Amino acid sequence: MKGAPSPHVGAAASGQWTRAAEGEGQACAAVDAGDASLLLLFDAVKQMMLFGKISQQLCGLKKLPWSCDSRYFWGWLNAVFNKVDHDRIRDVGPDRAASEWLLRCGAVVRYHGQERWQKDYNHLPTGPLGKYKIQAIDATESCIMSIGFDHMEGLQYVEKIRLCKCHYIEDGCLERLSQLENLRKSMLEMEIISCGNITDKGIIALHHFRNLKYLFLSDLPGVKEKEKIVQAFKTSLPSLELKLDLK
């Protein structure tokens with residue numbers, strides 16, 4: 001039933017925590033024993049994952065002024081959230097598994113035939129395997145990273161992706177996307193904004209999206225050769241509407 005909480009959410013989150021348990025010891029070792037607030041944070045996040053209540057709570061927690069040692073913790077935790085579970089993909093299908101990954105990392109998705117964006121991990125719609133197909137992804141301020149991009153491999157209907165203020169997105173992520181044959185066929189629109197690790201190399205890789213109609217690039221300090229990019233897309237994608245807001 002549409003809107004009903006997924007019966008798999010708690011189990012999936014709990015399983016991910018279990019598989020990452022060895023990483024918890026490493027992360028804790030990087031934290032000063034006297035930093036009681038961070039140790040409490042570990043416990044709080046564990047409880048969130050066990051009950052599937054993840055993205056919104058973590059967005060609030062990340063704004064708190066934790067110590068420098070907590071950087072290791074957040075890097076480790078983001079890696080946990082991005083880890084690909086191939087058994088999960090097989091059991092629930094690529095679109096459902098990718099939806100869980102994206103929402104776990106703070107992104108949102110929209111399905112074909114729907115206007116509403118899916119923002120709540122615990123209220124992803126359920127139904128027959130393969131019923132809901134991802135059409136659009138908005139990864140604004142999410143923690144998606146390269147190790148999670150294998151979730152995209154089985155997606156056949158994604159038409160739009162927005163990457164905005166994604167600190168872990170780098171050239172390799174765009175190159176990985178451009179290698180996926182399904183996305184090469186389906187992608188129509190893409191926006192990349194304020195992603196500081198993206199350079200000319202990653203942008204040029206997008207020419208493989210042969211049906212791309214619209215590309216917006218803004219605030220990308222790593223992109224240096226605008227004219228070269230414009231010429232490359234004119235040659236490979238002559239019908240592309242390319243909008244640049246780059247210094």
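Reckoned from all heavy atoms, side chains included, excluding hydrogens, waters and symmetry mates. Keep in mind that this is a model prediction, so the values were computed, not measured.
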For [X] against [Y], the heavy-atom pair lying closest together:
X: Phe209; Y: Leu183; value: CD2-O, 3.5 Å
X: Thr140; Y: Arg162; value: OG1-NH1, 2.9 Å
X: Lys224; Y: Asp200; value: N-OD1, 2.9 Å
X: Ser218; Y: Asp245; value: OG-OD2, 3.2 Å
X: Ala139; Y: Ala107; value: CA-CB, 3.7 Å
X: Lys160; Y: Met187; value: N-SD, 4.2 Å

All pairs passing salt bridge (charged side-chain N to carboxylate O under 4.0 Å, His left out) where residues 226-240 contributes a residue, at least two apart: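 Not a single pair qualifies under salt bridge (charged side-chain N to carboxylate O under 4.0 Å, His left out).
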Could you check Arg90 against Asp87 for salt bridge (charged side-chain N to carboxylate O under 4.0 Å, His left out), going step by step and ending with a plain yes or no? CA-CA 5 Å; Arg90 184 191 65 237; Asp87 291 336; 3.0 Å; yes
Do [X] and [Y] make a side-chain contact, defined as non-hydrogen atoms from C-beta onward lying under 4.5 Å apart?
X: Glu189; Y: Glu241; value: no
X: Glu191; Y: Cys164; value: no
X: Tyr157; Y: Ile134; value: no
X: Leu217; Y: Ile198; value: no
X: Glu153; Y: Ile89; value: no
X: Asn197; Y: Asp171; value: no
X: Ile229; Y: Ile204; value: yes
X: Phe149; Y: Ile169; value: yes

Spatial distance of atom [atom1] ([X]) from atom [atom2] ([Y]) [nearest 0.5 Å]:
X: Glu159; Y: Lys213; atom1: CD; atom2: NZ; result: 12.0 Å
X: Leu124; Y: Leu103; atom1: CG; atom2: CG; result: 5.0 Å
X: Leu240; Y: Asn211; atom1: CG; atom2: CG; result: 11.5 Å

Under the side-chain contact (heavy atoms from CB on, under 4.5 Å) rule, what do Thr126 and Arg96 come out as? Steps first, then yes or no, please. CA-CA 9 Å; Thr126 60; Arg96 172 68 191 211; 4.1 Å; yes
Heavy-atom count around His207 NE2 within 6.0 Å, excluding the residue itself: above 12?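 Result for NE2/His207: enclosed.
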Can you say whether the rings of Tyr132 and Tyr111 are parallel (under 30°), tilted (30 to 60°) or perpendicular (over 60°)?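 It falls in the tilted class, 30° to 60°.
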Go through Lys201 and Glu225 one step at a time and tell me if the salt bridge (charged side-chain N to carboxylate O under 4.0 Å, His left out) criterion holds. CA-CA 10 Å; Lys201 181 182 178 183; Glu225 300 183 65; over 6 Å; no
Thinking salt bridges, do Asp150 and Arg176 make one under a 4.0 Å N-O criterion? yes
Would Asp85 and Lys83 count as a side-chain contact (heavy atoms from CB on, under 4.5 Å) here? Give the steps. CA-CA 6 Å; Asp85 186 340; Lys83 186 175 181 180; over 6 Å; no
Between His112, Gln118, Arg110, which is the residue that forms a side-chain hydrogen bond (donor to acceptor under 3.5 Å, both in side chains) with Gln114?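 Of the listed options, the one satisfying the test is Gln118.
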Looking at Thr199 and Gly222, would you say the former's side chain and the latter's main chain have a donor-acceptor pair under 3.5 Å? no
